Amino acid sequence: MLVQGGVTRRVKQMETAEFVRFVAQRAPASHYFVVDPPPGISMASAMEWRIVLAGASALAEVGAALWQAYETFVRGEGSAGELLVQVKNRKKAFDQFVVGREIGDEKALLHRLTESARLLAPKGGEESVEEELAETEDSGYWARVV
């Protein structure tokens with residue numbers, strides 16, 4: 001299962017890798033990437049970062065870390081900073097929402113992540129973390145962080 005996203009409105013200058021490292025330090029069990037297209041490829045993408053979850057148990061830790069990163073890097077005093085979040089499974093089914101618009105607090109974020117993962121989880125077991133990692137790393141569009 002993947003959790004990926006991007007900042008839709010920036011309050012201040014922020015390096016995506018800095019945001020991802022911040023999350024990774026607080027939820028170290030998962031695998032972290034930033035978008036990094038091959039040389040000569042110019043692209044605009046709403047998805048700036050990707051987290052390959054190290055299993056369903058990592059979701060709460062990642063959710064709490066994402067909330068802390070949102071508060072630290074995105075939300076400012078009286079600002080309209082927002083964080084696009086997408087939860088996606090291997091079959092490409094996904095749920096997508098915006099922290100700062102649809103989600104207003106940490107409890108709501110954790111609930112939405114948990115429900116999304118529950119609905120998107122494969123029937124009969126865990127998805128293969130190794131397959132998701134291999135697909136992400138072999139794509140040529142993602143660079144590992146940390």
Side-chain angles (χ1 to χ4, degrees), residues 1-38 41-122 126-129 131-146:
M1 182 106 25
L2 298 174
V3 177
Q4 59 186 10
V7 178
T8 62
R9 297 185 198 175
R10 297 187 190 282
V11 175
K12 57 185 175 183
Q13 278 297 86
M14 174 195 80
E15 290 291 325
T16 302
E18 180 183 7
F19 176 90
V20 173
R21 278 191 295 276
F22 182 94
V23 175
Q25 289 171 348
R26 286 151 182 79
S30 294
H31 309 275
Y32 296 85
F33 299 86
V34 293
V35 70
D36 185 26
I41 302 291
S42 177
M43 64 182 265
S45 173
M47 300 305 159
E48 300 173 321
W49 50 266
R50 173 177 279 188
I51 303 167
V52 177
L53 294 175
S57 61
L59 192 61
E61 185 179 56
V62 166
L66 279 173
W67 180 259
Q68 291 172 350
Y70 168 72
E71 287 192 316
T72 301
F73 293 97
V74 182
R75 183 168 75 173
E77 294 180 27
S79 80
E82 297 174 339
L83 181 67
L84 172 67
V85 177
Q86 184 181 83
V87 180
K88 187 174 177 182
N89 67 16
R90 298 253 329 126
K91 293 184 177 184
K92 309 300 182 217
F94 66 91
D95 181 30
Q96 185 170 292
F97 51 91
V98 180
V99 177
R101 184 182 315 156
E102 300 162 69
I103 304 294
D105 60 45
E106 183 178 5
K107 184 177 178 181
L109 173 60
L110 293 174
H111 177 74
R112 182 69 178 262
L113 286 170
T114 301
E115 284 301 299
S116 297
R118 183 182 64 77
L119 293 171
L120 294 170
E126 287 272 327
E127 292 184 311
S128 169
V129 173
E131 287 178 23
E132 197 65 68
L133 276 173
E135 185 176 302
T136 297
E137 290 173 330
D138 293 345
S139 73
Y141 286 89
W142 296 98
R144 189 181 283 268
V145 174
V146 181

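Given the structure is predicted, the values throughout are model-derived calculations rather than measurements.
L119 has its side chain out of reach of V87: every pair of non-hydrogen atoms, C-beta onward, lies at least 4.5 Å apart. Residues L120 and K91 are not in side-chain contact: their nearest non-hydrogen atoms beyond the backbone lie 4.5 Å or more apart.
Under the rule for a side-chain hydrogen bond (donor to acceptor under 3.5 Å, both in side chains), S30 has no partner lying at least two apart in sequence or in another chain. With sequence neighbours left out, E71 forms a side-chain contact (heavy atoms from CB on, under 4.5 Å) with W67, R75. Applying the side-chain hydrogen bond (donor to acceptor under 3.5 Å, both in side chains) criterion to Q96, with sequence neighbours excluded, gives Q86. Remark: A60 pairs with no residue by the side-chain contact (heavy atoms from CB on, under 4.5 Å) rule, at least two apart or across chains. Every ring pair (Phe, Tyr, Trp, His ring centres under 6.0 Å) that F22 has, sequence neighbours left out, goes to F73. Residues that satisfy the ring pair (Phe, Tyr, Trp, His ring centres under 6.0 Å) test with W142, not counting sequence neighbours, are absent from this structure. With sequence neighbours left out, the side-chain hydrogen bond (donor to acceptor under 3.5 Å, both in side chains) criterion links R21 to no other residue. R144 meets the salt bridge (Lys or Arg N to Asp or Glu O under 4.0 Å) test with E137; sequence neighbours excluded. Under the salt bridge (Lys or Arg N to Asp or Glu O under 4.0 Å) criterion, E106 pairs with no residue, sequence neighbours left out. Under the side-chain contact (heavy atoms from CB on, under 4.5 Å) criterion, A134 pairs with D138, sequence neighbours left out.
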Verdict with reasoning, E132 to H31, per side chain to side chain contact (heavy atoms under 4.5 Å, CB included): CA-CA 10 Å; E132 197 65 68; H31 309 275; over 6 Å; no
Check step by step if side chain to side chain contact (heavy atoms under 4.5 Å, CB included) holds for L66 and F19. CA-CA 9 Å; L66 279 173; F19 176 90; 4.2 Å; yes
Going through the checks in order, is the side chain to side chain contact (heavy atoms under 4.5 Å, CB included) test met by V85 and L113? CA-CA 9 Å; V85 177; L113 286 170; 4.2 Å; yes
Determine, step by step, whether L59 and V3 satisfy the side chain to side chain contact (heavy atoms under 4.5 Å, CB included) criterion, reporting the C-alpha distance in whole Å, the side-chain angles of both residues, the deciding distance to 0.1 Å, and the verdict. CA-CA 9 Å; L59 192 61; V3 177; 4.2 Å; yes
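When all heavy atoms of M1 and A117 are compared, the pair lying nearest together is CE-O, 3.9 Å. The shortest heavy-atom contact between Y141 and P38 is CE2-CD, 3.6 Å.
Results of the side-chain contact (heavy atoms from CB on, under 4.5 Å) test with L2 over N89, I51, V52 single out V52 as the only residue that passes.
A ring pair (Phe, Tyr, Trp, His ring centres under 6.0 Å) check over residues 80-99, counting only residues at least two apart or in different chains, returns nothing. A side chain to side chain donor-acceptor pair (under 3.5 Å) check over residues 107-119, counting only residues at least two apart or in different chains, returns the pairs D95-R112, D95-S116, E115-R118.
In this structure, the side chain of T136 does not engage the main chain of L133 through any donor-acceptor pair within 3.5 Å. A donor-acceptor pair under 3.5 Å links the side-chain atoms of E102 to the main chain of V98, judged by distance alone.
Interatomic distance, R50 CZ to E48 CD, rounded to the nearest 0.5 Å: 13.5 Å.
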